[in-house]
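All values reported here derive from a predicted model rather than from experimental measurement. The chains referred to below are lettered A, B, ... by the order of the sequence lines, with proteins before strands, and numbering in each begins at 1.
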2 protein chains.
Amino acid sequence: MRLTKGCKKVLDVLESIHELSSAQDIHGRMRNEDDKAPGLTTVYRSLESLVSEGLVQAVDLGDGERRYELVKPGEHHHHLVCESCRQSVHLDQCLIAELEEGIRHKYGFQVKGHILEIFGICKVCTAK
Amino acid sequence: MRLTKGCKKVLDVLESIHELSSAQDIHGRMRNEDDKAPGLTTVYRSLESLVSEGLVQAVDLGDGERRYELVKPGEHHHHLVCESCRQSVHLDQCLIAELEEGIRHKYGFQVKGHILEIFGICKVCTAK
DNA sequence: ATTAAAATGAAACCCATTTCTATTGTGCTT
DNA sequence: AAGCACAATAGAAATGGGTTTCATTTTAAT
Ligand SMILES: [Mn+2]
Ligand SMILES: [Mn+2]
Ligand SMILES: [Zn+2]
Ligand SMILES: [Zn+2]
């Protein structure tokens, strides 16, 4: 599968941001610097492709607005999301992968995926 | 805080189900057995109270529809959700609680809460 | 019984996402 | 170069869960 023009623009934005961004954030940025950038529908479609390609991960923070970010191809990670400043710490390793074997043994359950996000107050905000 | 009539009806339904149910599920059930059961708004409000009382937990499976279930007061747990039959295994202990101390040490991040759900194929569905 | 506070239901509203339809762009064939 | 088939796109409209608003009904307190 090929990267369409829309996908490339979305990738550009994601490369320049490096924070979790919603589809609308991304679309807004694109439209800021170029009035005739792809429409919102195309952004959604591009994100869908990029996610299934493993170049981007979708993150669900439970607030009804999915966020996206670049990841190392095929990998994923989780976050410590600060409820005060909304910044997040991007964890370097998945805490769940190592549990999969145990879960399969104990419950006969084949793990295919998971959601994990941790909320709280970050170091900076605690200091204030 | 007192349990209103609406809350009690919602609790009744949740006691009788013992599976993750959406607000609309719950409302539907209530309306099935009683045409003039509380409206959907009241169901949402009741769930909100019950959650903040710690009697019910809200579960986010990332599909935009929150589910609810009774829990031991003040406790919470996570699930292995089967993508084939949609049933879930209710885990007996939280896998994250024990990591909190480490996270605080390593990142200076005070953990307040988290989302964790695991998806895959359950034992029964694998057998088929 | 009177009155204030809490709970309720119907409808309006919100907003991210999806669907639908018409249009445009791209590559390939002749 | 012109024609054709198909993928990609835009934009509007529909969807759908959830929340807000507000008038009305219940409940509790005096
Ligand atoms: Mn990240
Ligand atoms: Mn459960
Ligand atoms: Zn993970
Ligand atoms: Zn937990």
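Rounded to a whole Å, the CG atom of L40(A) is 16 Å from the P atom of dA13(D). With rounding to whole Å, D35(B) atom CG is found 15 Å from dG9(C) atom C1'. Taking atom CG of residue D63(B) and atom C1' of nucleotide dG16(D), one finds them 12 Å apart after rounding to whole Å. Between the C1' atom of dT24(C) and the NZ atom of K36(A) lies a distance of 12 Å, rounded to the nearest Å. Regarding E48(A), its CD atom lies at a distance of 12 Å from the C1' atom of dT19(C), rounded to whole Å. Atom-to-atom, NE2 of H27(B) to C1' of dT19(D) comes out at 15 Å; the value is rounded to the nearest Å. In this structure, D34(B) places its CG atom 14 Å from C1' of dG9(C), rounding to the nearest Å. Counting to the nearest Å, the P atom of dT17(C) and the CD atom of E65(A) are 6 Å from each other.
OP1 or OP2 of dT19(D) has at least one side-chain nitrogen or oxygen of R66(B) nearer than 4.0 Å. A sub-4.0 Å separation between OP1 or OP2 of dA7(C) and a side-chain N or O of T42(B) is absent. In this structure, K5(A) reaches the dT26(C) phosphate: one of its side-chain N or O atoms is under 4.0 Å from OP1 or OP2. At the phosphate of dG11(D), neither OP1 nor OP2 sits under 4.0 Å from any side-chain N or O atom of R45(A). In this model, the phosphate group of dT19(D) is not approached by any side-chain N or O of Y44(B) to a distance below 4.0 Å at OP1 or OP2. The shortest distance between the side-chain N/O atoms of Q24(A) and the OP1/OP2 oxygens of dC15(C) is not below 4.0 Å. The side chain of S22(A) places no N or O atom within less than 4.0 Å of a non-bridging phosphate oxygen (OP1 or OP2) of dA16(C).
The side chain of T4(A) sits closest to dA8(D) out of dG11(D), dG17(D), dA8(D). Considering only side-chain atoms of T41(B), the nucleotide from dT21(D), dT9(D), dT17(C) that sits closest is dT21(D).
The closest donor-acceptor contact from the side chain of D25(A) to the backbone of S22(A) lies under 3.5 Å.
Atoms CD1 and CD, from I115(B) and E117(B) in turn, are 8.5 Å apart once rounded to the nearest 0.5 Å. Taken to the nearest 0.5 Å, the CG atom of L61(B) stands 8.0 Å off from the NE2 atom of H79(B).
Between E48(B) and R45(B), none of the side-chain N atoms (NZ, or NE/NH1/NH2) sits under 4.0 Å from a carboxylate O, so this pair counts as no salt bridge.
Results of the ring-ring contact (aromatic ring centres under 6.0 Å, His included) test with H90(B) over H77(B), H76(B), H78(B), H18(B) single out H77(B) as the only residue that passes.
R67(B) comes within contact range of no nucleotide atom at all, as no heavy-atom separation falls under 4.0 Å.
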